[in-house]
Amino acid sequence: MPYALCHDTSISLDTSFVLYYYINVMEYDFRKIEKKWQDFWKKTDAFKAEDFSSKPKFYVLSEFFGPSGKGIHLGHVKCFTPTEVIARYKRLKGYNVLYPVGWDAFGLPTENSALKENRAPADVTEKNIGIFTNQLTKLGFSFDWSREVSTTDPAYYRWTQWIFLQLFKNGMAYKADGVVSFCPSCKTVLSNEDSQGGICDRCKSAVEQRKRSVWYLRMKDYSEKMLAAISDIDMKPSLKDSQQNWIGKSDGAEVTFQIASDLRGEVDSGQWTADSKADGNLVGSQAQLTPQKLATDHWPLATLKIFTTRPDTLYGVTYMAIAPEHPLIEECADQIANIKEIRAYRNQAAKKTAEARAENKEKTGIRIDGLWAVNPINNAQIPIYVADYVMMGYGTGAIMAVPGHDTRDYEFAKKFGLPIIEVISGGDISKEAYTGDGILVNSPLIDGLHVPEAKKKITAYLEKIGAGIAKTNYKMQDWPFNRQRYWGEPFPIVICDTCGYVAVPESELPLRLPKLSDYSPDESGNGPLSKAVEWVQTTCPKCGKPARRETDTMPNWAGSSWYWLRFLDPHNEKEFVSPEKLMYWGAVDLYTGGTEHVTRHMLYASFWHNFLCDIGAVPHRLPFTRRMCNGLILDDKGKKMGKSSGNAIDPIKIIDQFGADAFRLHILFMGDYEQNTMWSLDGINGCTNFLRRVWNLPEILRDSSEVSKEHERALHLMIKRADTGIISDGQKSYDERGDFKFNTVIASFMEFMNAVRKSGFITREELRQYLIAMNPFIPHITSELYEQVFGGDILKESFPAFDESKLIENAVEIPVQLLGKLKGTITIELDEPQASVEQKALALLGNVTPKKVIYIKSKIINIIA
RNA sequence: GCCCGAGUGGCGGAAUGGCAGACGCAAAGGACUUAAAAUCCUUCGGAGGCAACUCCGUGCCGGUUCGAGUCCGGCCUCGGGCACCA
């Protein structure tokens with residue numbers, strides 16, 4: 001154990017060692033000091049945010065905890081330590097800071113561990129919260145504990161249910177049969193966000209697609225408002241990208257193709273030709289329907305709507321493809337010659353999981369014999385395929401296929417020997433699909449146009465002839481909101497045979513989760529709550545007849561979709577939050593958390609917040625004005641550390657050994673906030689060394705008002721770096737901001753220490769400012785030293801100000817370059833004229849005749865000779 | 001396949017286009033010590049040289065510039081996310 005060196009009190013040694021140890025090590029007894037100040041902060045409610053204050057407000061939040069029985073892990077420390085530092089820093093800067101803490105305790109992790117331990121989830125939750133509270137206190141985090149909330153508390157979930165009722169009453173929640181992702185291991189329906197990549201986010205099982213009765217929230221309707229929020233939230237561009245990609249907005253057109261049938265003689269399949277060229281590339285000529293044929297009385301058989309982002313390629317359509325579940329198949333079943341095969345294909349496709357579909361790169365499909373689509377632009381007759389690369393969940397579940405200009409269609413056309421027509425010049429479609437811009441060809445109405453103009457013109461034409469409209473599509477789907485599990489908020493919904501789904505009156509909230517002896521999930525499709533027979537039986541609030549309660553529960557994302565609002569007014573029993581407090585506190589000024597929540601929690605949060613804004617329940621559009629995502633802590637193999645991977649290191653053991661101040665310093669000093677970091681304790685010795693030096697500063701305290709130039713400059717440089725490196729005021733744009741640089745701020749603390757040690761003394765005023773500057777990072781030791789040297793509570797101080805003029809040096813050393821190569825340095829006066837600088841530089845260089853001189857004032861001089 | 005991000009000493013990492021390697025760890029040598037620990041001092045990218053010093057060096061190849069770790073173009077490697085989204 002190389003790290004146990006200095007704090008192992010069990011060593012027995014001779015007296016001189018013990019004496020030394022007592023003076024130099026025991027004296028900095030972090031266990032005693034840290035406990036003392038943690039108790040003091042608790043006793044004095046030191047970090048209580050004031051509702052309404054003349055001070056400017058600052059609301060800083062990290063994603064609240066899902067309390068598991070294993071206690072906090074390194075990821076929590078990595079996420080919370082920066083906001084902890086910022087909260088303390090902002091308080092010293094004179095802000096009224098809200099830094100709350102809470103528990104996101106509903107959901108599968110707790111329920112699964114409760115099932116394993118054979119205990120009630122509520123008991124497990126309570127126990128876990130106790131563990132977390134204790135551990136977080138040991139880290140010295142400055143939460144306002146008076147605002148602690150848990151999503152599992154009826155006083156909290158009452159308002160989660162209330163928000164659901166507002167959604168329901170505004171038509172934003174509806175129940176429908178749908179094909180949804182289902183986790184066979186967790187035995188519950190999952191949202192798309194919870195099953196990204198076809199994998200259950202909780203247990204990593206492959207999800208299946210199952211038909212279920214589902215409560216949906218109309219999140220898709222909020223696509224535009226959510227996109228607006230994304231562009232307004234101050235956040236790294238790459239995070240915005242991934243959110244925008246998730247919402248997946250595409251502009252295009254919806255085009256209607258009419259469906260004709262062979263059997264009725266409307267088309268002649270024999271007219272279809274596909275000529276094989278010598279090089280194996282197919283081109284085709286397409287038969288056109290005659291006006292006479294179109295005029296038959298039973299025309300058309302059906303219509304097929306497709307969505308495309310490339311209406312400009314309409315002349316290049318050589319086949320249609322529909323999803324296996326597309327209703328057209330059954331609608332026209334009696335006209336389809338090979339209906340048996342098609343149904344077999346459909347059944348086979350349904351069994352494939354999303355994962356299997358993605359892995360199986362080879363395109364599959366089957367031609368629908370007997371049906372033809374008619375291209376509205378030129379009446380060309382087009383074959384129709386069923387193919388599982390077309391998904392029912394996006395657009396209309398049907399596409400027009402343009403092999404010449406779409407890679408997937410190209411692949412399919414090659415495999416099935418379908419024609420490939422070039423309608424945009426610029427590529428070589430004998431080799432691959434050309435998807436770039438170019439000039440339209442083979443497209444009578446739009447020939448010669450560039451793609452963007454062609455899109456506009458053809459869309460306008462389609463609208464004119466009634467065959468299409470401009471349309472926007474989104475990848476994001478409505479949110480499947482019910483889970484067939486126990487540990488979640490019950491839906492405040494009564495199912496009445498006469499009235500349908502009826503809202504529970506708001507006065508009856510909270511609708512409490514009943515206690516159950518057996519709450520294990522099963523595959524019946526009913527949630528465990530269906531076993532609470534008495535609870536389920538109720539009367540319809542509308543007609544008074546016997547009715548039953550909804551027995552599914554809400555997903556664990558429900559309670560976290562609005563919690564930042566509850567922190568503003570956590571004990572309000574009349575409203576979810578009072579309008580006055582909403583007005584005072586406004587949006588979260590800084591919200592931090594993991595990147596994994598960027599396309600989950602943050603989108604849900606944005607959706608609920610925007611909805612609450614629309615119904616007038618919150619006054620501001622944005623839930624958060626700034627978001628930062630911390631990097632991961634990786635293990636020695638570069639894999640993510642976490643409770644699930646079994647490689648977690650217990651932060652509490654580190655605190656016991658090195659102290660909270662040292663641990664906080666170490667985790668911030670390890671690397672850049674946003675970058676992933678390989679976990680290691682190498683280097684924590686540097687932090688403990690530093691703390692011991694800080695501790696020993698009183699020994700070299702000089703009670704003097706005399707200031708040395710070097711000290712003064714070092715002090716102001718240190719303060720400046722701390723003051724600009726922690727967090728900036730938000731006025732600056734993302735790129736020009738240099739904050740969240742905790743590692744370099746700590747480096748500048750160390751640099752000041754080195755300057756002090758070099759001169760061998762520190763004055764009282766320097767020590768005072770130094771302690772205050774470092775207090776946000778290492779609050780215990782600085783509080784203790786401050787009290788010992790100056791008396792009183794350091795938290796009553798203000799962050800020191802730096803004076804830019806104190807940073808200016810009278811003489812600076814600048815590099816001298818010859819042809820851009822460093823040759824040496826010269827020392828010049830602050831305002832030394834260029835001629836004199838040049839002279840010094842030339843003296844250094846010796847025998848050169850300059851052709852040109854580049855001088856950047858007080859920075860560098862470069863001689864071109 | 002597509003979209004991001006990252007490649008700098010033995011290690012973690014610093015560097016608004018201006019002295020590459022701040023700060024720290026580890027290591028080596030020295031002081032103190034009966035000894036060890038702790039502490040303090042020194043060295044610490046590579047090659048050459050007795051030396052002052054010289055040359056090379058930020059994944060690779062080009063380019064822009066008086067000057068490139070930083071900007072541009074083209075690659076390579078690693079990591080992450082999305083994945084038939086029409």
Side-chain angles (χ1 to χ4, degrees), chain A residues 2 5-6 11 13-14 16-17 20-21 24-25 196-198 236-239 241-242 245-246 248-250 252 306-310 313 321 354-355 357-361 363 387-391 393-402 406-409 411-412 473-476 595-596 598-599 631-632 634 638-640 666 669-672 674-678 680-687 689-690 692 696 735-736 738 741 743-751 753-754 757 813-825 851-856 859-864:
Chain A
L5 299 174
C6 46
I11 315 167
L13 285 163
D14 68 54
S16 67
F17 172 78
Y20 183 86
Y21 193 77
N24 289 288
V25 182
Q196 298 187 16
K236 204 171 164 179
S238 65
L239 301 176
D241 278 357
S242 64
N245 290 344
W246 185 258
K249 178 178 182 173
S250 320
I306 61 95
F307 173 73
T308 180
T309 55
R310 297 295 303 274
T313 61
E355 197 185 13
R357 279 193 196 199
E359 267 173 26
N360 191 3
K361 294 273 179 196
K363 298 259 182 301
D388 69 0
Y389 80 93
V390 181
M391 286 169 304
Y394 182 78
T396 62
I399 61 163
M400 62 177 217
V402 185
D406 179 286
T407 48
R408 293 149 304 175
D409 298 346
E411 201 186 315
F412 191 90
N473 240 305
Y474 304 92
K475 272 203 282 188
M476 187 173 70
T595 47
E596 73 274 21
V598 164
T599 53
L632 298 172
L634 308 172
K639 290 272 166 263
K640 181 186 174 176
H666 176 62
F669 190 52
M670 272 174 73
D672 186 88
E674 288 178 297
Q675 224 60 55
N676 291 349
T677 328
M678 211 90 95
S680 165
L681 266 178
D682 293 349
I684 198 170
N685 287 342
C687 297
N689 285 344
F690 175 71
R692 197 168 43 244
N696 291 332
D735 295 330
E736 61 193 9
K741 296 287 175 200
N743 54 343
T744 51
V745 171
I746 292 168
S748 66
F749 292 155
M750 292 173 170
E751 277 174 281
M753 174 63 79
N754 292 341
R757 280 156 57 79
E813 200 180 54
I814 64 161
V816 177
Q817 293 184 336
L818 179 63
L819 285 159
K821 283 201 166 221
L822 180 73
K823 290 293 166 191
T825 59
K851 282 191 202 129
K852 193 178 166 190
V853 175
I854 288 127
Y855 176 58
I856 312 294
K859 270 268 164 65
I860 197 166
I861 183 160
N862 189 8
I863 310 285
I864 315 303

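All chains are named by letter (A, B, ...) in the order of the sequence lines, taking the proteins before the strands, and each is independently numbered beginning at 1.
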Point to revise | Minimum-distance nucleotide to A:Arg757 side chain [options: B:C82, B:C84, B:C41] | key: B:C41
Check your understanding: What about A:Gln817: does its side chain form a donor-acceptor pair under 3.5 Å with the base of B:G18?
Key -> yes
Review point. Using 30° and 60° as the class limits, which term best fits the ring planes of A:Phe307 and A:Tyr394: parallel, tilted or perpendicular?
Key: perpendicular
Point to revise | Per A:Glu813 side chain, nearest of listed nucleotides B:C25, B:C19, B:U39 | key: B:C19
Practice item. For nucleotides B:G45 and B:A26, find the distance between their C1' atoms and express it as a whole number of Å. Key: 16 Å
Review point. Mind checking the P distance from B:U58 to B:G21? Whole angstroms is fine.
Key: 14 Å
Check your understanding: Hey, are A:Arg757 and A:Asn754 close enough side-chain-wise for a donor-acceptor pair under 3.5 Å?
Key -> no
Review point. Which nucleotide, B:C66, B:G79, B:C84, lies nearest any side-chain atom of A:Lys363?
Key: B:C84
**Study point:** Residue closer to the 5' end of RNA chain B, A:Ile854 versus A:Pro815 (nearest nucleotide)
**Key:** A:Pro815
Practice item. Ignoring backbone atoms, test whether A:Asn689 places a side-chain nitrogen or oxygen under 4.0 Å from the OP1 or OP2 oxygen of B:A38. Key: no
Practice item. Using both distances under 3.5 Å as the test, list the Watson-Crick or G-U wobble partner of B:C75, or none. Key: B:G59
Exercise for review: Taking only the side-chain nitrogens and oxygens of A:Arg692, find out if one of them lies under 4.0 Å from OP1 or OP2 of B:A38.
Suggested key: no
Review point. Out of B:C84, B:U39, B:C23, which nucleotide sits closest to the side chain of A:Ala747?
Key: B:C23
Point to revise | Selection from B:A86, B:C19, B:C84 that lies nearest to any side-chain heavy atom of A:Thr308 | key: B:A86
Study note, to complete from the structure: Per atom distances to the A:Glu751 side chain, the nearest of B:A22, B:C82, B:A86 is B:A22
Practice item. Measure the distance from CE on A:Met670 to C1' on B:G13 and round it to the nearest whole Å. Key: 11 Å
Review point. For the base of B:C25, is there a side-chain donor-acceptor partner from A:Asp682 under 3.5 Å away?
Key: no
Point to revise | Options B:C3, B:C56, B:C66, nucleotide nearest the side-chain atoms of A:Lys852 | key: B:C66
Check your understanding: Distance between the P atoms of B:G49 and B:U39, in whole angstroms?
Key -> 38 Å
Review point. Counting just side-chain N and O atoms, does A:Thr595 come under 4.0 Å of either OP1 or OP2 of B:G80?
Key: no
**Study point:** Of A:Asp409 and A:Phe669, the one whose closest RNA chain B nucleotide lies more 5'
**Key:** A:Phe669
Review point. So what's B:G17 paired with, Watson-Crick or G-U wobble, going by both distances under 3.5 Å?
Key: none
Check your understanding: What nucleotide among B:C56, B:G18, B:G13 has an atom nearest to a side-chain atom of A:Ile860?
Key -> B:G18
Exercise for review: Could you give the distance separating B:G67 and B:G57 at their P atoms, to the nearest angstrom?
Suggested key: 15 Å
Practice item. Output yes when at least one side-chain N/O atom of A:Asn685 is less than 4.0 Å from OP1 or OP2 of B:A26, else no. Key: yes
**Study point:** Torsion-based syn/anti label for B:G7, 90° from 0 as limit
**Key:** anti
Practice item. Compare the minimum distances between each of B:C19, B:C23, B:A86 and the side chain of A:Met391, then state the nucleotide with the smallest one. Key: B:A86
Practice item. Let me know the distance between CD1 of A:Ile746 and P of B:A22, rounded to the nearest Å. Key: 17 Å
**Study point:** Check ion pair A:Lys363-A:Asp388 (N to O, under 4.0 angstrom)
**Key:** no
Practice item. Report yes or no: is there a donor-acceptor pair, N or O only, under 3.5 Å between the side chain of A:Lys823 and the base of B:U54? Key: no
Study note, to complete from the structure: Rounded to whole Å, CD1 of A:Ile864 lies from P of B:G67 at a distance of 7 Å
